[in-house]
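Below is one structure, written out as structure tokens; comments come after it.
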Amino acid sequence: MLAVYGLRLDERLLGDQLSRLWLAFFALLATLFVLGHRTLIRLASRYVRARGLNYRNILVVGTGPGAHSILKTVEEHRHWGYQIVGLVRGSTSPSAGGEASLDGYPILGTAEELPDIVNRHVVDEVIFAVSRADLERLETLLLVLEEQGVLVRVALDLFPRTRAHAQLEDLDGTPLLTFSTAPSNPLLLGIKRGMDLVLSAVLLLVALPAMGLIALAIKVASPGEVLFRQVRCGLNGRLFTLYKFRTMVEDAERRRADLEHLNEMTGPVFKAREDPRVTRLGRLLRRFSLDELPQLWNVLTGSMSLVGPRPPIPDEVARYERWQRRRLSMRPGLTCLWQVNGRNELDFEEWMELDLEYIDSWSPFLDLKILLQTIPVVLSGRGAS
């Protein structure tokens, strides 16, 4: 009986092993098949296109810098499967421009001749690379091409000097050309918010005992409230109440005007290392950034993020130069690039530039990197505010 039971047990274990092996083998085989399939298609496409087959013929409307850029891109990526039939002058005037070709490609006529040019040549796609003024005049031609069943594309470098990222969106059937100088990917921003929620909740729970002791010490050390509350500017100028442990005497705000001569920062920000309003306990809290622990609640409730430009007060924002206001286009944070790159050793303009650099290069990985870099800065007390 025991032998039979042992045999059945061995069969079960062997069956589990075989199942796992088959599962691993199937996963490996599927991965190799997908990679091999894509590689084979890519190689086959390049082989076929190298012999002049399987191409889509493109007609470019415009002879300016935008058209030149498209021609150059197509030449550098012939494996995409595009070939240029020719160009059409964007202006409807027959006398516009005297050149017969551009970059070796023939200019087949003017915009008013476009329907006839499409009839005389095999054209799969028409790309409009013209100025905003010309595009408005050529609107009827887009409709004509649509009637003829020709695929139409419009180059969106209509604002060549803008630094914003352009993308086409849809508002219930209405196409919108969107320009954004701040991160707008909903998935990545969702990851950022998820990190904020999880980490702020965990850190709050871990820090609660220490926060209780700090609150008691503040109450004993000096008269006044334990928490300092101040209105700050958040995302795109939204006002919110920021929480910190009080590190100054009770009437600190009223005394600031008398201390302007101690300000060590350029611009509209006030910072003084030897600020007489800071209490002895407050200096210790500031040195290790313990006064900022209550801001984890701001992060948890969504008015702040763990990483982002530090939230300014409205009076400071009112004195910003126009280019400096872009730092409000991301949710403010507990730490940012300037805090791990010198903090108070930087002047105001360098501070603003680092905030904008953070916005322009933001990714969840960058947030994680800044958080890790913040830890040794805080523990060492370097650059304490």
Side-chain angles (χ1 to χ4, degrees), residues 31 34-35 38 73 77 153 155-206 232-240 242 289 292 295-312 317 320 323-341 343 350-378:
T31 302
V34 171
L35 292 175
R38 290 181 178 177
T73 301
H77 301 85
R153 302 183 191 273
L156 293 181
D157 57 344
L158 304 178
F159 305 90
R161 287 181 294 276
T162 181
R163 65 186 300 162
H165 301 290
Q167 57 184 358
L168 193 63
E169 298 180 326
D170 180 86
L171 182 65
D172 196 22
T174 302
L176 301 176
L177 182 58
T178 303
F179 294 92
S180 175
T181 56
S184 58
N185 186 305
L187 176 61
L188 294 182
L189 291 174
I191 293 173
K192 179 178 176 67
R193 182 60 188 147
M195 288 172 57
D196 287 342
L197 284 171
V198 172
L199 291 177
S200 63
V202 171
L203 290 173
L204 266 175
L205 288 174
V206 172
R232 297 288 184 103
C233 290
L235 180 63
N236 293 322
R238 289 173 174 83
L239 299 180
F240 72 97
L242 177 137
S289 299
E292 296 178 1
Q295 289 169 48
L296 290 170
W297 177 253
N298 289 118
V299 176
L300 191 63
T301 55
S303 54
M304 289 180 62
S305 176
L306 289 172
V307 184
R310 287 295 293 160
V317 174
Y320 276 0
W323 67 273
Q324 293 166 349
R325 289 190 60 90
R326 191 161 72 89
R327 71 185 298 265
L328 300 177
S329 62
M330 280 201 79
R331 202 182 305 272
L334 283 170
T335 183
C336 199
L337 274 178
W338 74 274
Q339 290 190 295
V340 296
N341 285 278
R343 297 181 74 172
E350 288 176 314
W351 173 6
M352 296 296 103
E353 289 173 353
L354 279 173
D355 280 343
L356 297 184
E357 180 185 334
Y358 166 76
I359 292 171
D360 292 336
S361 57
W362 175 81
S363 70
F365 177 76
L366 179 60
D367 274 5
L368 186 59
K369 181 180 176 182
I370 291 173
L371 285 173
L372 293 175
Q373 289 177 339
T374 301
I375 295 171
V377 171
V378 170

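Not measured: the values here are computed from a predicted model.
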Checklist entry - Would you find a donor on one side and an acceptor on the other, under 3.5 Å apart, between the side chain of Arg232 and the backbone of Leu239? => result no

Next on the checklist: With heavy-atom distances below 4.5 Å as the criterion, would you say the side chains of Glu292 and Thr335 are in contact?
Outcome noted: no

Next on the checklist: Could you go through Asp360 and Arg326, starting from their C-alpha distance and side-chain angles, then the distance that decides it, and tell me whether this counts as side-chain contact (heavy atoms from CB on, under 4.5 Å)?
Outcome noted: CA-CA 11 Å; Asp360 292 336; Arg326 191 161 72 89; 2.9 Å; yes

Item to check | Minimum side-chain heavy-atom gap Leu188-Ser363 below 4.5 Å | outcome: no

Item to check | Under the side-chain contact (heavy atoms from CB on, under 4.5 Å) test, residues paired with Leu199 that sit two or more places apart | outcome: Leu306, Leu371

Next on the checklist: Suppose we screen for side-chain contact (heavy atoms from CB on, under 4.5 Å). Which residues come up paired with Leu189, at least two apart in sequence or across chains?
Outcome noted: Pro183, Trp362

Checklist entry - Considering only heavy atoms from C-beta outward, does the side chain of Lys192 approach that of Val307 to under 4.5 Å? => result yes

Next on the checklist: Has Arg310 got a side-chain atom pairing as donor or acceptor with Cys336's backbone, closer than 3.5 angstrom?
Outcome noted: no

Item to check | Contacts of type side-chain contact (heavy atoms from CB on, under 4.5 Å), residue Ser200, not counting sequence neighbours | outcome: Leu296, Val299, Leu300

Checklist entry - For the atom pair CG (Leu356) and CH2 (Trp351), what is the distance rounded to the nearest 0.5 Å? => result 12.5 Å

Next on the checklist: Going by side-chain contact (heavy atoms from CB on, under 4.5 Å), name the residues that satisfy it together with Gln324, two or more places apart in sequence or in a different chain.
Outcome noted: Tyr320, Glu321, Phe348, Met352

Item to check | Pairwise side-chain contact, Pro332 with Asn298, heavy-atom cut-off 4.5 Å (strictly under) | outcome: no

Item to check | With sequence neighbours excluded, residues passing side-chain hydrogen bond (donor to acceptor under 3.5 Å, both in side chains) with Asp196 | outcome: Ser305

Item to check | Which residues share a side-chain hydrogen bond (donor to acceptor under 3.5 Å, both in side chains) with Arg153, sequence neighbours left out | outcome: Glu125

Checklist entry - Are side-chain heavy atoms of Phe240 and Thr301 found at a separation under 4.5 Å? => result no

Checklist outcome for this item: So CZ of Arg325 and SG of Cys233: to nearest 0.5 Å the spacing works out to 7.5 Å

Checklist entry - What distance separates Ile359 CD1 from Leu354 CG, expressed to the nearest 0.5 Å? => result 11.5 Å

Next on the checklist: Can you tell me how far apart CG (Asp367) and OH (Tyr358) are? Round to the nearest 0.5 Å.
Outcome noted: 3.5 Å

Checklist entry - Does the Arg327 side chain pair with the main chain of Asp355, one donor and one acceptor, at a distance under 3.5 Å? => result no

Checklist entry - Can you tell me how far the CG atom of Leu203 sits from the CD atom of Gln295, to the nearest 0.5 Å? => result 13.0 Å

